[in-house]
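All remarks here apply to the structure that follows.
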Amino acid sequence: MNILDGKKISNDIKDEITEAVAQMKTNGEKTPHLAAVIVGEDGASLTYVGSKVRACARVGFESTLVQLPADITEADLLAKIQELNADDEIDGFIVQLPLPSHIDTQKVLLAVDPKKDVDGFHPENFGKLALDMETFIPATPYGIMELLRRYDINTSGKHTVVIGRSHIVGRPISILMSRKGQPGDSTVTLTHSRTKDLASFTKNADIVISALGVPNFLTADMVKEGAVIIDVGITRVPDNTTTKGYVITGDVDFEAVREKASYITPVPGGVGPMTIAMLLQNTLLARQRSVQ
Ligand code: NAD
């Protein structure tokens with residue numbers, strides 16, 4: 001069994017980005033600037049945004065945190081987005097999800113200029129992803145593809161089973177794994193909450209990508225010997241023995257499944273750090289594309 005070390009690979013990617021930024025500075029060019037919009041005070045969202053802003057500092061990007069009150073009106077949030085769209089200083093920005101229920105998320109994501117949509121959530125960018133066109137690939141699926149690529153895992157002709165069909169992970173990764181190229185060229189089965197006898201699919205899978213958010217859902221009896229296991233799940237499970245009062249748990253019963261897997265991502269330290277690295281990569285791309 002080999003660990004797919006997302007922490008190490010994400011650090012390699014951050015080093016590469018740091019070098020590219022240093023080169024931009026040497027050339028007297030503008031350096032990438034990421035803005036993150038957060039609405040409200042949700043603890044997990046604040047943690048995620050905080051780590052994205054810290055990651056910007058680590059690679060030499062400028063960053064701006066736009067903190068807005070939970071009761072902001074949809075119109076005011078849309079006005080803020082138009083401001084960011086028009087601001088030449090900002091190369092890319094994200095709107096941290098989920099948004100409060102009185103705000104229409106689709107409307108907000110549609111308002112983001114596709115050229116600055118470094119999360120890749122705008123329908124224009126998602127459509128381009130499905131059509132093999134240049135775009136911003138959403139950071140989590142992009143991170144999974146990069147892990148497979150850098151560990152040189154052959155995915156061609158393999159059966160990949162994805163669990164979960166969300167717009168940000170399951171759906172895009174199922175498209176990416178079926179696209180031409182390496183990684184890709186997989187035969188993909190997309191499973192979800194309505195799938196009957198889900199284990200009958202995972203037992204036959206060469207690669208399982210689990211993105212449902214149910215701790216220890218994927219057990220050893222559900223995977224075949226030698227399978228590649230990618231665990232996207234991040235769930236805070238209450239645990240009074242820790243100082244934080246919770247532990248981060250993936251979708252995979254790691255200790256048992258690792259005995260059968262050829263490669264497996266740990267949680268934490270697998271897909272999570274890759275997501276942040278690929279957000280930085282997309283911001284670098286946004287900067288580079290704006291001067292082309
Ligand atoms: P989501 O809640 O939007 O979607 C979950 C999906 O799982 C749905 O499509 C649903 O059909 C499916 N599902 C739910 N219960 C199921 C069951 N019993 N059997 C089969 N399918 C089932 O989830 P999401 O936003 O894609 O996130 C999934 C998990 O990944 C969460 O734990 C989330 O925290 C985590 N996540 C991690 C990262 C990262 O950077 N590592 C990024 C995004 C999401």
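Counting starts at 1 for both ligands and their atoms, following the listed order.
Which of Thr265, Val232, Val271 comes nearest to atom 30 (O) of ligand 1 through a heavy atom is settled by distance: it is Val232.
Between Thr275 and ligand 1, at least one pair of N/O atoms sits closer than 3.5 Å. Considering backbone and side-chain atoms alike, Ile234 places an N or O below 3.5 Å from some N or O of ligand 1. Residue Ser193 has at least one N or O atom closer than 3.5 Å to an N or O atom of ligand 1.
Here the rule is side-chain contact (heavy atoms from CB on, under 4.5 Å) with Pro138, and of Asn282, Ile168, Leu129, Ile173 only Leu129 fits it.
A donor-acceptor pair shorter than 3.5 Å can be found between the side chains of Ser290 and Arg287. Looking at Asn27 and Glu29, their side chains do bring a donor and an acceptor atom within 3.5 Å of each other. Side chain to side chain, Asn154 and Ser156 fail the donor-acceptor criterion of an N or O pair below 3.5 Å. A donor-acceptor contact closer than 3.5 angstrom is absent between the side chains of His33 and Ser63. For Thr219 and Asp253, the side-chain atoms include no donor-acceptor pair closer than 3.5 Å. For the 3.5 Å distance criterion, the side chains of Thr235 and Thr249 fail to qualify, holding no donor opposite an acceptor.
Under 4.0 Å from ligand 1, not a single heavy atom of Asp251 appears. With a heavy-atom cut-off of 4.0 Å, Thr140 touches ligand 1 through its side chain alone. At a heavy-atom distance under 4.0 Å, no atom of Thr191 approaches ligand 1.
For atom 8 (C) of ligand 1, the closest heavy atom belonging to the protein is Arg165 N, 4.0 Å. Scanning the protein heavy atoms around atom 18 (N) of ligand 1, the nearest turns out to be Phe217 CE1, 3.7 Å. Nearest non-hydrogen protein atom to atom 16 (C) of ligand 1 is Leu212 CD1, 3.4 Å. Ranking protein heavy atoms by distance to atom 25 (O) of ligand 1, first place goes to Ile168 CD1, 3.6 Å. Taking atom 31 (C) of ligand 1 as the reference point, the nearest protein heavy-atom neighbour is Gly213 CA, 3.7 Å. When only non-hydrogen protein atoms are considered, atom 23 (O) of ligand 1 lies nearest to Ser166 CB, 4.0 Å. Counting protein heavy atoms only, atom 27 (O) of ligand 1 is closest to Ala211 O, 4.6 Å. For atom 44 (C) of ligand 1, the nearest non-hydrogen atom of the protein is Val169 CG2, 4.0 Å.
There is no path of hydrophobic side-chain contacts, each under 4.5 Å, that joins Leu218 to Ile144.
Taking every non-hydrogen atom of Gly272 and a distance limit under 4.0 Å, the qualifying atoms of ligand 1 come out as 40 (O), 41 (N). Of all the atoms in ligand 1, the ones that sit under 4.0 Å from a non-hydrogen atom of Gly164 are 6 (C), 7 (O), 9 (O), 12 (C).
Environment of NZ in Lys115: sparse, with no more than 12 heavy atoms of neighbouring residues, nucleotides or ligands closer than 6.0 Å. With a 6.0 Å radius and a threshold of 12 heavy atoms from other residues, nucleotides or ligands, Lys260 has its NZ atom above the threshold. Other residues, nucleotides and ligands place more than 12 heavy atoms under 6.0 Å from the NZ atom of Lys30.
For the pair Arg258 and Tyr263, the cation does not sit on the ring face, since its NZ or CZ is not both under 6.0 Å from the ring centre and inside 45° of the axis.
Taking a 4.0 Å cut-off on heavy atoms, Leu198 registers as neighbouring ligand 1. Using a 4.0 angstrom heavy-atom cutoff, Gly170 does not count as in contact with ligand 1.
Counting protein heavy atoms under 4.0 angstrom from atom 4 (O) of ligand 1 gives one or more. In this structure, atom 36 (N) of ligand 1 is in close contact with the protein, since a protein heavy atom lies within 4.0 Å of it.
Salt-bridge formation is detected for the pair Arg150/Glu16: a Lys NZ or Arg NE/NH1/NH2 atom is positioned less than 4.0 Å from an Asp or Glu carboxylate oxygen.
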